[in-house]
Amino acid sequence: MKHSMRAPALTLVVAILIIGTGFFQSWNSALGILNMGIISAIMALGVNLQWGFAGLFNVGIMGFVALGGLATVLIATPATKDAWQAGGIGIIAALILGAMTIIATIYANKNLPKGKYRILGVSSILVIGFFVFRAVFDPAVSSIEAINPAVTGNIGGLNLPVLLAWPAGGVLAAGVAWLIGKTALGLRSDYLAIATLGIAEIVIAIMKNEDWLARGVKNVIGIPRPVAYEVDLQVNAGFIEGAAKLGLDPVTASTLYVKLSYSILFTAVLVLLLVLAQLALHSPWGRMMRSIRDNEVAAEAMGKNVTKRHLQIFVLGSAICGIAGAMMVTLDSQLTPSSYQPLRFTFLIWVMVIVGGSGNNYGAVLGGFLIWFLWVQVEPAGNFIMETITSGMSDGDLKSHLIASAAHMRLMTMGIVLLLVLRFSPRGLVPET
């Protein structure tokens, strides 16, 4: 198949798969796959900017997605007034002290003469600053976490409209990416991968253990949503009447209505980001980024600041992942730090980019939809296949083992798909043009 025909053909395949799910399973399942497919496609688009445009091997995608989810809590949930009164000022003071320590350390490192005086000065500032920070921070945290921990135990958020949390998630992820990039982008690609993976795990560990921030492993539930709640629709007389005209019960109709509303919002965000990514790709800036990716030495010889450009694209790609993370938490209406796993939010996103076509924005988006569909549907299909294969076998260890192995069908399928694409279409299903 010609490269120019692959994108329309794959788009049609993805559409048939999702619509077929609606006809043969349920429209509830189809819309669920569509919504998470859109979010996955946005994550893949962000990673494609970093890898496809600039060749940056970011294995910390999970951390930036989680930061987007954290931003939703900090922006959209109501503030816990008692917690702020108990320790809010202490938290703010501690953060200011921490920032001042970092600034003083940087200043000392730049201005003190090299040798033992610089080492002694920088070490003294860090040690003293750390103990002062903890002396202010720890009592404030204890006071906040003691405020009704069964329900709150955290500072809450700004209680702003939840849609503002989506760009806020991008800003928070971009800010952290800038801090990481200033220190890690000078590393070689393999060391950059290790650094980003470690930092992502640090982000998750902080979210799990700092209860004052977002309740840790106790999770935050009831996050405001940009669309109506199903229970509200189910008691709305007008909605019930409309559902009856369509031959639907209120429960099914309300679920479909909410998921379809999310689909419209998510599609608008995806289209906007895709258009912007395409404009960037075909701009002089995009051509410069690809020239840096292909030959950094030649680009530097032409006067391009490679490290600065890498930082730009690293921040932009991470911001897009943060937006997707905020959207996902809004969809679930809860933040669950323990759900952020590298398999789902790093490995799977990389598979989407590689299968779709590294360097091609539309290919990354299609890869997001296709791989997510397989990720959702393969396990139930595996269960059906294994039950069919073992239906004639007598009960025993072998039959039990085969049925239990169906849970691994997802990983096996992802591996097979990745191998087939790398063998027969190394540049992805929709190669870079």
Side-chain angles (χ1 to χ4, degrees), residues 7 10-11 14-15 33-54 56 58 60-69 71-72 75 162-178 226-227 261-283 285-287 289-290 311-331 345-346 348-350 352-372 428 430 432-433:
L10 282 172
T11 303
V14 169
I33 292 173
L34 176 62
N35 288 336
M36 279 305 301
I38 294 172
I39 292 173
S40 299
I42 292 174
M43 295 180 194
L45 185 61
V47 174
N48 186 60
L49 286 181
Q50 295 173 338
W51 175 251
F53 279 38
L56 296 179
N58 176 14
I61 305 163
M62 173 184 68
F64 298 110
V65 173
L67 287 169
T72 306
I75 293 296
V162 69
L163 286 179
L164 293 179
W166 297 2
V171 170
L172 180 59
V176 174
W178 184 86
V227 301
S261 300
Y262 271 122
S263 298
I264 294 170
L265 282 173
F266 290 172
T267 300
V269 175
L270 175 60
V271 170
L272 175 62
L273 292 175
L274 181 58
V275 168
L276 292 175
Q278 284 294 96
L279 291 174
L281 177 65
H282 297 294
S283 69
W285 179 84
R287 290 191 289 272
M289 292 306 307
R290 284 189 287 178
L311 182 61
Q312 286 179 347
I313 201 76
F314 187 71
V315 168
L316 286 173
S318 300
I320 292 176
C321 291
I323 292 170
M327 293 166 63
M328 185 178 67
V329 168
T330 306
L331 176 65
F345 294 105
T346 295
L348 197 63
I349 305 304
W350 270 103
M352 294 172 183
V353 173
I354 294 169
V355 169
S358 173
N360 190 309
N361 292 318
Y362 195 63
V365 169
L366 284 175
F369 280 107
L370 183 61
I371 295 301
W372 178 252
V430 186
E432 179 182 4
T433 55

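Values below: all heavy atoms of this structure, side chains included; hydrogens, waters and symmetry mates excluded.
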Which donor-acceptor pairs under 3.5 Å do the side chains of residues 315-325 make with protein atoms, sequence neighbours left out?
{"unit_1": "Ser318", "atom_1": "OG", "unit_2": "Gln50", "atom_2": "NE2", "d": "3.1"}
{"unit_1": "Ser318", "atom_1": "OG", "unit_2": "Phe314", "atom_2": "O", "d": "2.8"}

Of the non-hydrogen atoms in [X] and [Y], which two are nearest, and what is the gap between them?
X: Val162; Y: Pro226; result: CG1-N, 3.5 Å
X: Ala364; Y: Ala44; result: O-CB, 3.6 Å
X: Val227; Y: Ser261; result: CG1-CB, 3.6 Å
X: Ile75; Y: Ala168; result: CG1-CB, 3.7 Å
X: Gly368; Y: Met352; result: CA-SD, 3.5 Å
X: Gly69; Y: Val329; result: CA-CG2, 3.3 Å

Item to check | Audit row: Tyr262, Thr330, side chain to side chain donor-acceptor pair (under 3.5 Å) steps and yes/no | outcome: CA-CA 9 Å; Tyr262 271 122; Thr330 306; over 6 Å; no

Any side-chain heavy-atom pair of [X] and [Y] under 4.5 Å:
X: Ile313; Y: Trp285; result: yes
X: Met36; Y: Leu331; result: yes
X: Leu172; Y: Phe64; result: no

### Query
How far apart are the C-alpha atoms of Met62 and Val65, what are their side-chain angles, what is the distance that settles it, and do they pass the side-chain contact (heavy atoms from CB on, under 4.5 Å) test?
CA-CA 5 Å; Met62 173 184 68; Val65 173; 5.8 Å; no

**Message:** Checking Phe369 against Thr11 for the side-chain contact (heavy atoms from CB on, under 4.5 Å) test, could you report, in this order, the C-alpha distance in whole Å, the side-chain angles of both residues, the deciding distance, and whether it holds?
**Reply:** CA-CA 9 Å; Phe369 280 107; Thr11 303; over 6 Å; no

If you measure from [atom1] on [X] to [atom2] on [Y], what distance do you get to the nearest 0.5 Å?
X: Ile264; Y: Asn35; atom1: CD1; atom2: CG; result: 10.0 Å
X: Asn58; Y: Thr346; atom1: CG; atom2: OG1; result: 7.5 Å
X: Leu276; Y: Asn361; atom1: CG; atom2: CG; result: 10.5 Å
X: Phe345; Y: Met43; atom1: CZ; atom2: CE; result: 5.5 Å
X: Ile349; Y: Leu45; atom1: CD1; atom2: CG; result: 11.5 Å
X: Ile38; Y: Ile33; atom1: CD1; atom2: CD1; result: 12.0 Å

Notebook entry, point to check: Residues two or more places apart in sequence or in another chain: which of them pass side-chain hydrogen bond (donor to acceptor under 3.5 Å, both in side chains) with Ser40?
Noted result: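 So Ser40 forms a side-chain hydrogen bond (donor to acceptor under 3.5 Å, both in side chains) with Arg344.
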
Across all chains, not counting sequence neighbours, the side-chain hydrogen bond (donor to acceptor under 3.5 Å, both in side chains) partners of Ser283 are none

*Sole residue of Val271, Leu265, Leu270 in side chain to side chain contact (heavy atoms under 4.5 Å, CB included) with Thr267*: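 Looking at Val271, Leu265, Leu270, the match for Thr267 under the side chain to side chain contact (heavy atoms under 4.5 Å, CB included) is Val271.
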
- How far apart are the C-alpha atoms of Leu281 and Arg290, what are their side-chain angles, what is the distance that settles it, and do they pass the side-chain contact (heavy atoms from CB on, under 4.5 Å) test? CA-CA 9 Å; Leu281 177 65; Arg290 284 189 287 178; 3.7 Å; yes

Is the Trp350 ring parallel, tilted or perpendicular to the Trp51 ring (thresholds 30°, 60°)? perpendicular

Do any N or O atoms from the side chain of Asn48 and from the backbone of Gly359 form a donor-acceptor pair under 3.5 angstrom?
-> yes

